[in-house]
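Report on the structure given below.
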There are 2 protein chains.
Amino acid sequence: MNTKPASVRSKLDFYRLARDEGVHLENCPVREVIANIGGKWNSLLMLALAEQPYRFGALRRLVPDISQRMLTQTLRDLQRDGYVHRAVFPTKPPSVEYSLTELGRSMFDPLQALVKWAEQHHDAVRAARARFDRDES
Amino acid sequence: MNTKPASVRSKLDFYRLARDEGVHLENCPVREVIANIGGKWNSLLMLALAEQPYRFGALRRLVPDISQRMLTQTLRDLQRDGYVHRAVFPTKPPSVEYSLTELGRSMFDPLQALVKWAEQHHDAVRAARARFDRDES
DNA sequence: CGGTATCCTCGAGGATACTG
DNA sequence: CAGTATCCTCGAGGATACCG
């Protein structure tokens, strides 16, 4: 049965386990989360909603280069995974407010750490990139 | 000129500044980094190489469901951004060892935080997902 | 062993128009 | 205001074959 020892050794095992047991490692827990910050707009919207709750239109203005379609869809994805709460107020015309849930806030912490790293090291990355591009020319 | 105050207020400003000044926010520092963990294999390979250095073939065996093409390409992307070092040993046949650079290790720290979060909360995410799918049916 | 080169698929994401 | 609905593009990523 190719059985694994009960103790999970390395971080990689989370991927490996998923591969061994799942259809196509679609149910790998790490991938599930990483996929949701990897999208083009997911992390950006998390960043925005971590600031404060926003209404749909406000988010559009905050991020003018997102298409309406992707805004709707990304918000629904985030809501589906429990990161975002969607509150509908029956005003006329209706207004909808999006906010982070507790789960969303807790996942925002490590996400923010990554963002801070990016802010602090993006020049090093750009330098490395320039060096690489020059050397291989 | 729609000039911004010198002080950057919120995290979102890193996106906003990129949008205002760049062609299409391709040069946004946050996006640069996030894009490199967002790929299908990037974070997985970072995870593997954080464990220990690996040779090309060893990485293939570690992650059997990656295509050779994507392994090569993802490694080159990571190398280009300065996360990964590629050491060629002129043995016969040649062997190539990939390892994390200092920059790579420093970016692995926040990445690992995210992975840990995923390990700890993936059941909450799955529950939220199931609830959402049931309620909207 | 550690890659390139080629071809192909498929889905993320954009543009535009319409709606309760 | 806050979305759907439709159509379309384009590039990430897979499969296969070849190479020094």
Side-chain angles (χ1 to χ4, degrees), chain A residues 15 19 23-26 28 31-32 34-45 48-49 53-81 84-99 132 136, chain B residues 15 19 23-26 28 31-32 34-45 48-49 53-81 84-99 132 136:
Chain A
Y15 286 96
R19 165 166 44 79
V23 190
H24 248 98
L25 87 158
E26 301 310 320
C28 168
R31 306 214 122 218
E32 278 180 15
I34 299 293
N36 250 355
I37 82 151
K40 187 168 180 181
W41 304 108
N42 302 15
S43 62
L44 177 48
L45 290 181
L49 294 175
Y54 280 109
R55 292 185 35 195
F56 188 87
L59 284 172
R60 278 193 82 178
R61 282 183 297 274
L62 260 183
V63 191
D65 47 353
I66 193 176
S67 67
Q68 198 170 9
R69 197 174 99 74
M70 286 317 292
L71 180 53
T72 307
Q73 180 177 309
T74 306
L75 284 171
R76 217 181 321 100
D77 289 348
L78 293 174
Q79 184 196 357
R80 185 170 113 99
D81 282 19
V84 159
H85 176 66
R86 177 174 181 272
V88 186
F89 300 106
T91 55
K92 42 173 172 80
S95 65
V96 179
E97 191 185 74
Y98 293 90
S99 56
F132 183 91
E136 66 155 8
Chain B
Y15 285 97
R19 165 168 43 78
V23 191
H24 246 99
L25 88 159
E26 301 309 322
C28 169
R31 306 212 121 219
E32 279 180 14
I34 299 293
N36 250 356
I37 82 151
K40 188 169 182 182
W41 305 108
N42 302 13
S43 62
L44 176 48
L45 290 181
L49 294 175
Y54 280 110
R55 293 187 35 196
F56 188 87
L59 285 172
R60 278 194 83 175
R61 282 183 297 274
L62 261 183
V63 191
D65 47 354
I66 192 175
S67 66
Q68 199 170 6
R69 197 176 99 74
M70 287 316 292
L71 181 53
T72 307
Q73 179 177 310
T74 307
L75 284 172
R76 219 182 318 103
D77 289 348
L78 294 175
Q79 185 195 356
R80 185 170 113 98
D81 282 18
V84 160
H85 176 67
R86 178 174 181 271
V88 187
F89 299 106
T91 55
K92 39 171 175 87
S95 66
V96 179
E97 192 185 73
Y98 293 90
S99 56
F132 183 91
E136 66 156 7

- Item | Results of side chain to side chain donor-acceptor pair (under 3.5 Å) for A/R86 - residues two or more places apart only | A/Y98
- Task: Check whether any side-chain N or O of B/Y54 sits under 4.0 Å from OP1 or OP2 of C/dG2, and answer yes or no.
- Result: no
- May I ask you to test the B/L59-B/I66 pair for a side-chain heavy-atom distance under 4.5 Å? no
- Message: Taking 4.0 Å as the cut-off, does a side-chain nitrogen or oxygen of B/R61 come that near to OP1 or OP2 on C/dG2?
- Response: no
- Task: Compare side-chain N and O positions of B/R55 against OP1 and OP2 of C/dG2 and report whether any pair is under 4.0 Å apart.
- Result: yes
- note: B/L75, atom CG; C/dC1, atom C1'; distance rounded to Å ~ 14 Å
- Item | Per B/T72 side chain, nearest of listed nucleotides D/dG20, C/dG3, D/dG3 | C/dG3
- Item | Whole-Å distance separating the CD atom of A/Q79 from the P atom of D/dA2 | 15 Å
- If you look at every strand shown and take non-hydrogen atoms under 4.0 Å, does B/Y98 touch a base, only sugar-phosphate, or nothing? sugar-phosphate
- Task: Mind checking side-chain contact (heavy atoms from CB on, under 4.5 Å) for B/P94 and listing every partner two or more places apart, or none if nothing turns up?
- Result: none
- Rounded to whole Å, the CD-P distance (B/Q68 to D/dC19) equals 14 Å
- Test item: A/T74 and A/K40 side chains (from C-beta on) under 4.5 Å apart, heavy atoms: no
Could you list all N or O pairs between the protein and nucleotides 7-14 of chain D that sit under 3.5 Å apart?
| from | atom 1 | to | atom 2 | distance (Å) |
| --- | --- | --- | --- | --- |
| D/dG13 | OP1 | B/K40 | N | 3.1 |
| D/dG13 | N7 | B/R69 | NH2 | 2.3 |
| D/dG14 | OP1 | B/K40 | NZ | 3.2 |
| D/dG14 | OP2 | B/W41 | NE1 | 3.4 |
| D/dG14 | OP2 | B/S67 | OG | 3.3 |
| D/dG14 | N7 | B/R69 | NE | 3.3 |
| D/dG14 | O6 | B/R69 | NE | 2.8 |

- Query: To the nearest angstrom, how far is B/F56 atom CZ from C/dG2 atom C1'?
  - Reply: 6 Å
- To the nearest 10°, let me know how far the axis at one end of the helix from C/dC1-D/dG20 to C/dG20-D/dC1 is tilted from the axis at the other, five pairs an end. 50°
- Whole Å only: how far is the CZ atom of B/R86 from the P atom of C/dC1? 16 Å
- Does B/W41 reach the side chain of B/L75, with side-chain heavy atoms less than 4.5 Å apart? no
- Shortest non-hydrogen contact from A/P93 to A/T91? O-OG1, 2.9 Å
- Item | Summary of salt bridge (charged side-chain N to carboxylate O under 4.0 Å, His left out) pairs that have at least one residue in residues 68-81 of chain B, sequence neighbours excluded | A/R129-B/D81, A/D133-B/R80
- Item | Minimum heavy-atom distance between B/L49 and B/V84, given as atom pair plus value | CD1-CG2, 3.7 Å
- Item | Side-chain touch B/Q68/B/F56, heavy atoms, less than 4.5 angstrom | yes
- Task: Specify the separation, in whole Å, of atom CG of B/L62 and atom P of C/dG2.
- Result: 13 Å
- Does B/R76 put a side-chain nitrogen or oxygen below 4.0 Å from OP1 or OP2 of C/dT4? yes
